[in-house]
Amino acid sequence: MSYLNGVTGYRPDLLTNRSIIKKGNFAVIEPDGIVKNVIPGFENTDITILGSKRLGATFNDYLVNVHPGGKNELGFGKGQEEVLFYIIEGSLTVTADKDYDLTSGGYVYCPPGTSLKFVNKSSSDAKCFLYKRIYEPVEGHKPYVVTGNMEEKEWAEYEGMKDVLVKDFLPSGTDLAFDCNLHILSFKPGACHGYVETHYQEHGALCLTGEGMYVLDDMWVPVKKGDYIFMGAYCPQACYAIGRDEPFSYVYSKDCNRDPEL
Ligand code: UGY
Ligand code: MN
């Protein structure tokens with residue numbers, strides 16, 4: 001069964017889909033067509049794997065829909081894995097080093113050695129974005145649990161543009177202990193990146209609001225709320241926000257603060 005729209009049986013029209021997969025380079029995955037995956041420990045929770053090694057990413061991204069009573073008591077994140085869990089809608093009690101009651105916008109980062117557990121004590125679904133990667137240690141620095149609420153954070157102007165705004169999840173800009181970050185980038189309709197980026201780092205992005213025209217390598221692709229975008233290392237990337245009313249925004253991950261191994 002399709003993950004979000006619950007489609008079963010025949011459709012009244014031709015089978016078409018906007019998803020584009022260029023493994024290792026970039027991918028756009030639209031909601032129609034993604035499926036539910038079973039992952040040990042996730043109970044009464046619909047989960048789908050978006051970014052993964054099989055797509056060419058060095059991280060995993062998941063879209064998680066925790067039903068009332070849904071939980072993970074087994075713990076997610078083992079060994080050198082670091083995890084960031086972001087609640088887009090709904091509320092959850094999340095356990096990392098201790099319990100946190102998180103509402104929409106809430107998030108928790110678990111460094112290696114701290115696994116993530118959660119339970120949905122509310123009567124509505126909680127829709128979440130989950131990110132996991134292998135932590136790269138650096139001598140003299142140790143990452144720690146970070147929690148907060150993105151809805152309470154101030155926007156900052158992005159690279160000198162008044163109508164492009166950014167918020168950061170982790171203090172990676174000032175603390176070398178962190179080897180990655182998640183950000184929310186928001187473009188007012190008509191706004192765009194200042195240049196086509198070409199960089200070593202990878203991104204997994206989930207579109208939260210609005211619509212955009214994204215250049216990924218040599219293709220211009222229309223994207224909108226609900227789409228997932230993978231941008232591999234060195235994939236040229238930039239966008240124009242389109243649509244009329246809503247800003248085009250997405251949450252995305254980025255590795256940082258490390259010298260690539262030879
Ligand atoms: O931080 C970034 O690299 C970000 N500006 N990339 C992107 O939005 N595609
Ligand atoms: Mn980028």
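In this chain, numbering begins with 1 at the start of the sequence shown. Note that ligands are numbered from 1 as they come in the structure, with each ligand's atoms numbered from 1 the same way.
One finds a salt bridge joining R133 and E82 here, because a Lys/Arg side-chain nitrogen approaches an Asp/Glu carboxylate oxygen to under 4.0 Å.
Residue K254 places its NZ atom among more than 12 non-hydrogen atoms of other residues, nucleotides or ligands, all under 6.0 Å distant. Counting non-hydrogen atoms of other residues, nucleotides and ligands closer than 6.0 Å to NZ of K121 gives a total of 12 or fewer. Surrounding OH of Y240 are at most 12 heavy atoms belonging to other residues, nucleotides or ligands under 6.0 Å away.
Judged by distance alone, with hydrogens and angles left aside, the side-chain atoms of D179 form a donor-acceptor pair with the main-chain N or O of E136 at under 3.5 Å.
Seen from the Mn ion (ligand 2), atom NE2 on H199 and atom NE2 on H203 lie at an angle near 100° (rounded to 10 degrees).
Using a cut-off of 2.8 Å, one finds that Y252 contributes no N/O/S atom close to the Mn ion (ligand 2).
Residue E197 approaches the Mn ion (ligand 2) most closely through its N/O/S atom OE1.
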Given salt bridge (Lys or Arg N to Asp or Glu O under 4.0 Å), test D227 with R18 step by step and report yes or no. CA-CA 10 Å; D227 289 352; R18 290 186 295 108; 2.9 Å; yes
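Residues with a heavy atom under 4.0 Å from ligand 1: Y158, L185, H193, E197, H199, H203, Y214, M231, Q237, Y250, Y252, K254.
For K71, the side chain to side chain contact (heavy atoms under 4.5 Å, CB included) partners are E43, E73, V119, not counting sequence neighbours.
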